Amino acid sequence: GCGSRYQDAIIYFEIPERPSTLDPQTASTDSELVIVSNIFEGLLRKNAGGAIVCGVCESFEYENLTYTFKLREDAVWSNEEPLAADDFVFALRRAVTPSTKAPFASRLFCIENAESIYTGKASPDSLGVSAPDSRTLIIKLAYEDKDFEETLTTSVAMPCNEKFFTESGGKYGLTAEYTLSCGSYELTKWNRESETFGIRLYSNSLYKG
């Protein structure tokens, strides 16, 4: 499968049900999550052996309940826009905002003020995430969580481009046109209502991870 003769091969993969959304913050079913994991990449990811390694970030440090991530310079969205630290700030704030109804929001409750935001007691702007510059993301925790790094490999912590999200007009992640990829594959076709239902992913030539 790694040989050049299979470079243009098509793999058919059967999924148990039709996805309702490919918005990573709201995805919940097995079918949705497996597709999201292929078209998005988070700060961290799991390698073939199951170990947690750098994804969009090229390095990170953890000290005194504070994570500092340095993003790769070559990380881009499938529309060729640079993937920036602000994309993670927006995504994480959105994930714990009550109106988003993110099914896995509780995985982020260790972040400073996350639970208070989710219960409507604080503003999303108070979440303990910040971007001093386009390639630096800081996440402040309220308490230790041994599973937090694994959470950063999951759908709820995937980045979201605020400009693209806003321009989608409420259709973000609901059609191929309004789904923006940053992972090793990009979504090119999604027949939602057709009897010959299908989703097509192509290798993302812009992905350098």
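Along the sequence shown, residues carry numbers from 1. These figures come from a predicted structure and were not determined experimentally.
By the 6.0 Å contact criterion, OH on Y207 is enclosed, its count of non-hydrogen atoms from other residues, nucleotides or ligands being greater than 12. Other residues, nucleotides and ligands contribute only 12 or fewer heavy atoms inside 6.0 Å of the CD atom of E63. Crowding of E81 atom CD: a count of heavy atoms from other residues, nucleotides or ligands under 6.0 Å exceeding 12.
Listed for the E186 side chain is no donor-acceptor partner under 3.5 Å among the backbone atoms of L201. At least one donor-acceptor pair under 3.5 Å links the side chain of T21 to the backbone N or O of D23. Checking side-chain atoms of S126 against main-chain N and O of A122 turns up no donor-acceptor pair under 3.5 Å. Here the side chain of N64 pairs no donor or acceptor atom with the backbone of T66 at under 3.5 angstrom. A donor-acceptor pair under 3.5 Å is absent between the side-chain atoms of E167 and the main chain of F164, judged by distance alone. Put simply, the side chain of D86 never gets that close to the backbone of V89: no donor and acceptor are under 3.5 Å apart. When atom types are taken as modelled, the side chain of N38 and the backbone of I35 share no donor-acceptor pair closer than 3.5 angstrom. Under a 3.5 Å cut-off, the side chain of S116 and the backbone N or O of N113 do not form any donor-acceptor pair.
Linking ILVMFWY side-chain heavy atoms closer than 4.5 Å, directly or via other members, places W190 and F13 in a single hydrophobic cluster. A chain of hydrophobic side-chain contacts below 4.5 Å, direct or via other Ile, Leu, Val, Met, Phe, Trp or Tyr residues, connects L141 to V129. Hydrophobic clustering (ILVMFWY, side-chain heavy atoms < 4.5 Å, transitive): V34 and Y202 are in distinct clusters.
Other members of the cluster containing Y143 are F109, Y118, with ILVMFWY side chains joined at under 4.5 Å, either directly or via other members. Connectivity analysis of hydrophobic side chains (ILVMFWY, heavy atoms under 4.5 Å, direct or indirect) links V76 to L206.
In this structure, the separation between CD1 on I111 and OG1 on T151 is 8.5 Å, given to the nearest 0.5 Å. Rounded to the nearest 0.5 angstrom, L65 CG and D145 CG are separated by 11.0 Å. With rounding to the nearest 0.5 Å, the separation of CG in L108 from CG in L127 is 8.0 Å. Rounded to the nearest 0.5 angstrom, E149 CD and F60 CZ are separated by 4.0 Å. In this structure, I39 CD1 and N204 CG are separated by 10.0 Å, a value rounded to the nearest 0.5 Å. Taken to the nearest 0.5 Å, the OG1 atom of T179 stands 7.5 Å off from the CG atom of L174.
In this structure, L44 and V53 have side chains that are not in contact, with every pair of non-hydrogen atoms separated by 4.5 Å or more. By the 4.5 Å heavy-atom criterion applied to side chains, L180 and S78 are counted as neighbours. Side-chain atoms of P124 and V96, non-hydrogen and from C-beta on, never get closer than 4.5 Å to each other. Counting heavy atoms from C-beta on, the side chains of I138 and P132 come closer than 4.5 Å. At a threshold of 4.5 Å between non-hydrogen side-chain atoms, the residues L83 and F88 count as touching. Using a 4.5 Å heavy-atom cutoff, the side chains of P19 and I199 are in contact.
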- Checking side chain to side chain donor-acceptor pair (under 3.5 Å) for the pair S31/E17: CA distance, chi angles, key distance, verdict? CA-CA 6 Å; S31 294; E17 68 275 309; 2.6 Å; yes

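Taking F165 as the reference, F90, Y172 meet the ring-ring contact (aromatic ring centres under 6.0 Å, His included) condition, with sequence neighbours excluded. Looking at residues two or more places apart in sequence or on another chain, you find a salt bridge (Lys or Arg N to Asp or Glu O under 4.0 Å) between E58 and R135. Legend: residues meeting salt bridge (Lys or Arg N to Asp or Glu O under 4.0 Å) with D125, ordered by chain and number and at least two apart, are R93. Every residue two or more places apart in sequence or in another chain that forms a side chain to side chain donor-acceptor pair (under 3.5 Å) with E144 is listed here: Y62.
Across every non-hydrogen atom of N191 and K189, the tightest pair is ND2-CE, 3.3 Å. F104 and S155 make their closest contact through CD1-OG, 4.3 Å (heavy atoms, listed as atom of the first residue, atom of the second, distance).
In this model, a donor atom of one side chain and an acceptor atom of the other lie less than 3.5 Å apart for K70 and T136. With 3.5 Å as the limit, one finds no donor-acceptor pair spanning the side chains of T100 and Q25.
R72 and E41 are joined by a salt bridge, as a carboxylate oxygen and a charged side-chain nitrogen come within less than 4.0 angstrom of each other. Remark: R107 does not engage E150 in a salt bridge, criterion side-chain N to carboxylate O under 4.0 Å.
Aromatic ring orientation, W77 versus F40: perpendicular (interplanar angle above 60°, classes split at 30° and 60°).
In summary, the aromatic rings of F148 and Y67 are positioned with their centroids under 6.0 Å apart.
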